[in-house]
Structure formats: structure tokens, C-alpha cells
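This report refers to the structure that appears directly beneath it.
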Amino acid sequence: MWCPKCKNEYREGITVCMDCKVDLVESLDETEEDTELLHSFAEEDDAKKLVSYLEYSGISSHYEPMKEENLFGVFLEKKKMKQAKKAFAAFLTVETQKRLEGMMDSDSVAAVEDESSTVKSASEEEKDEGQREEDQEEIMEELRLALSSASQGSYVSKAEKSADYRSSAITFLFFGVVGLIVMGLHWAGVFQYFSTLSSIVITVLFVGFLFVGIDSFSRAKKAKAESEEEERFTAQLKEWLEQNLTYNTLLAADQADLSKEANFLNEMNEMKKIIQKNFGELDPAFLEHFTEEYYNEHFDNI
């Protein structure tokens with residue numbers, strides 16, 4: 001057994017690297033094929049944080065330097081990528097909250113310092129405000145990329161999409177409402193933690209949260225209706241295959257000079273052709289997911 005990160009060899013019976021805390025593999029030759037990059041960071045500490053977060057979520061991963069790009073990449077098993085992308089989106093959401101809170105605390109400290117020290121020049125103040133605005137834009141871009149990353153990759157059923165949209169809607173609406181309450185108190189003069197420019201940017205940010213939350217609820221409702229239709233179609237498709245498709249039909253696509261793995265792909269492609277011939281063009285991601293699932297349930301043990 002080998003560690004995919006530090007490349008140390010272990011005796012049989014040990015499944016986790018004592019130093020790196022990652023799952024061992026049987027051969028280092030398979031490591032590159034079995035693992036995939038989840039995300040890369042410019043700072044090593046950020047990569048460590050993500051690895052720790054994934055570990056807490058029950059997902060083994062490791063990070064390593066990407067010398068050609070001067071970045072630190074977080075890698076994990078391909079079969080766990082779908083689960084990891086959702087955890088990654090949650091991770092960046094948490095980090096986004098921390099950075100926003102840190103920026104708010106920084107504004108509060110700056111306000112106190114301004115009262116007890118010489119007032120900054122107009123150019124210095126404008127520079128600081130511009131930097132804070134850039135930081136806020138960077139945070140929102142990271143959050144957008146996280147959500148986008150979570151939505152890509154493996155096929156996600158309409159039912160799962162509906163649940164994800166609903167969860168996102170609740171999260172964005174909660175922070176949007178709470179944030180606007182806080183900013184409402186600020187604009188009413190109850191407290192003055194932020195400068196005028198920061199107040200405008202943060203208020204717009206929370207209004208954006210509200211719009212995203214409302215849009216997510218709308219998408220969740222639409223996805224729920226689509227999930228019911230998808231379930232009906234899937235049941236219809238399974239019933240048709242059980243009545244019309246046999247394993248011998250798939251075996252006709254095998255080639256004697258090819259390996260078992262290559263012929264498995266031929267059988268899967270043959271099943272896709274049969275389905276599309278009788279049901280028309282389907283979403284490639286859905287078709288890939290369905291055929292693999294159906295094959296495993298009906299033919300894997302033959």
C-alpha cells in the first residue's frame with residue numbers, strides 16, 4: 001500500500017497514511033487516474049484549511065504544490081468529487097462570512113482610531129475605500145465560483161437540484177434579511193460602524209443576497225415540478241428496458257481482442273444507442289448516469 005501524497009510504502013492492513021492522514025492506494029501508477037483536482041490556492045494555509053474541512057466532512061483529501069503554476073492544489077478521489085464539490089461550496093460560504101465579519105470589525109476599529117488620531121488625507125481615505133471595495137468584489141467572485149463549481153461535474157437529479165436550490169434560498173435570504181436589518185440601523189443612525197462608501201457597498205451586497213434567495217426559491221419550485229416528471233420518465237424507461245433489453249443484446253457489441261473494461265464501455269454505449277433510438281435524444285449527463293446505474297443493478301453480477 002502506498003500514500004498518494006508522500007509516496008511512502010506501508011504494509012498490508014494499514015489503510016491510512018500516518019503522516020498525511022489520507023487513504024492509501026494499492027499502486028502509485030493508479031494515483032493520477034484515480035484522483036482529481038478540486039481547487040487550487042495561492043496560499044498554502046488556504047489549502048490546509050480546505051483539507052481539514054473536507055476531513056471533518058468525512059472526505060479524505062490532500063494538497064500538494066503545483067510548481068508550474070506556483071499554486072497549492074487540493075486533490076481527492078474522483079468518486080468522491082460530487083460530494084466534495086458541495087462541501088467546497090459550503091467551505092467558501094463559511095470563509096466568505098468570516099472575511100465579511102473581519103472587514104466589518106476592521107471598519108469599526110478604523111472608526112475608533114480616526115477619532116483618536118489625525119484625520120487621514122483625502123487621497124489616503126479614497127485609497128482605503130477602494131481597497132475595501134475590491135476585497136468585497138473578490139469575496140463575491142469566490143462565492144460565485146464556489147456555487148458554480150458545486151453545480152458542475154457529475155449528474156445531479158432534479159430532486160437534488162430542488163433541495164439544493166431551496167437550501168441556497170434559505171441561506172441567502174437569512175443573511176440578506178439580517179444584513180439589511182443591521183444596515184437599516186446603521187442608516188438610521190443607531191450606530192455608525194462604516195464609512196459612507198462601505199455602507200453603500202455592503203447594503204447593495206445584502207440586497208443582492210435577497211434577490212439570489214428569491215431567485216433560488218423560484219428555481220427550487222421549478223426543479224421540484226421537473227423532478228416529478230423525471231421520476232415518471234425514469235420509471236417508464238426502466239420498465240421498457242426490463243421488457244425489451246437483455247444482456248445478450250449488449251454482448252453483441254463486445255470485441256474479442258479488447259479487454260473487459262473496454263468491452264464494458266462498448267456495452268454501455270450500445271445501451272445508450274438503444275435508449276436514444278426508442279426515446280429520442282436525452283440529456284447526455286442524465287443518460288450517462290442512468291445507463292451506469294441500470295447496468296450495475298441488472299447486469300453487473302452476470
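In this chain, numbering begins with 1 at the start of the sequence shown.
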Is the backbone of Ser157 close enough, under 3.5 Å, to the side chain of Glu160 for a donor and an acceptor to pair up by distance?
yes
Could you check whether Asp45 pairs with Lys49 (Lys NZ or Arg NE/NH1/NH2 to Asp/Glu carboxylate O, under 4.0 Å)?
no
Taking only residues two or more places apart in sequence, or in another chain, which ones meet Glu77 in a salt bridge (charged side-chain N to carboxylate O under 4.0 Å, His left out)?
Lys79, Lys80
Measure the spacing between OH of Tyr294 and CE of Met271 and express it to the nearest 0.5 Å.
7.5 Å
Minimum-distance pair of heavy atoms, taken over all atoms of Leu54 and Ser61:
CD1-OG, 3.5 Å
All N/O donor-acceptor pairs, side-chain side in residues 276-287, below 3.5 Å, sequence neighbours left out:
| residue | atom | partner | partner atom | Å |
| --- | --- | --- | --- | --- |
| Gln276 | NE2 | Glu281 | OE1 | 3.4 |
| Asn278 | ND2 | Ile274 | O | 2.8 |
| Asp283 | OD1 | Ala285 | N | 3.3 |

Straight-line distance of Asn266 CG to Met268 CE, nearest 0.5 Å:
11.5 Å
Donor-acceptor list for residues 250-257 side chains, cut-off 3.5 Å, not counting sequence neighbours:
none

Could you pull out all residues at least two apart from Glu288 that satisfy salt bridge (charged side-chain N to carboxylate O under 4.0 Å, His left out)?
Lys272
Less than 4.5 Å apart, side chain to side chain, heavy atoms only: is that true for Phe209 and Leu173?
no
NZ of Lys260 to CG of Leu265: how many Å apart, nearest 0.5 Å?
12.5 Å
So OG of Ser168 and NZ of Lys161: to nearest 0.5 Å the spacing works out to 13.0 Å
Can you check whether Phe264 and Tyr295 have ring centres sitting under 6.0 Å from each other?
yes
Establish, from distance only, whether the side-chain atoms of Thr246 and Thr249 form a donor-acceptor pair under 3.5 Å.
yes
For the pair Phe172 and Leu210, evaluate side-chain contact (heavy atoms from CB on, under 4.5 Å) and give the outcome as yes or no after the intermediate values.
CA-CA 6 Å; Phe172 278 105; Leu210 280 183; over 6 Å; no
Quick check: is Phe211 connected to Ile170 through a chain of hydrophobic side chains (ILVMFWY, heavy atoms under 4.5 Å apart)?
yes
Side-chain donor-acceptor pairs under 3.5 Å in residues 237-245, sequence neighbours left out?
| residue | atom | partner | partner atom | Å |
| --- | --- | --- | --- | --- |
| Glu242 | OE2 | His298 | NE2 | 3.3 |
| Asn244 | ND2 | Trp240 | O | 2.7 |

Value rounded to 0.5 Å, distance of CD in Glu44 from CG in Leu71
12.5 Å
Set of residues satisfying side chain to side chain donor-acceptor pair (under 3.5 Å) with respect to Ser199, sequence neighbours excluded
His186
Kindly indicate, with the supporting measurements, whether the criterion side-chain contact (heavy atoms from CB on, under 4.5 Å) is fulfilled by Asp46 and Phe72.
CA-CA 9 Å; Asp46 292 333; Phe72 296 90; over 6 Å; no
Which residue in the set Leu76, Val74, Ile59, Leu38 passes side chain to side chain contact (heavy atoms under 4.5 Å, CB included) when paired with Val51?
Val74
Keeping Ser162 on the side-chain end and Lys158 on the backbone end, is there a donor-acceptor pair under 3.5 Å?
no
Could you give me the CA-CA distance, side-chain angles and deciding distance for Glu64 and His62, then say whether side-chain contact (heavy atoms from CB on, under 4.5 Å) is met?
CA-CA 7 Å; Glu64 58 186 61; His62 71 278; 3.0 Å; yes
Is the shortest side-chain heavy-atom distance between Phe299 and Glu267 below 4.5 Å?
no
Output yes when a side-chain donor or acceptor of Ser227 lies under 3.5 Å from a complementary backbone atom of Lys224, and no otherwise.
yes
Decide whether Phe175 and Val212 are clustered together by the hydrophobic rule: side chain heavy atoms of Ile, Leu, Val, Met, Phe, Trp, Tyr closer than 4.5 Å, transitively.
yes
For the atom pair CZ (Phe75) and OG (Ser60), what is the distance rounded to the nearest 0.5 Å?
16.0 Å
For Phe174, I'd like to know if atom CZ has over 12 heavy atoms of other residues, nucleotides or ligands within 6.0 Å.
no
Find out whether Lys221 and Tyr165 are in side-chain contact, i.e. whether some heavy atom of one side chain is under 4.5 Å from a heavy atom of the other.
no
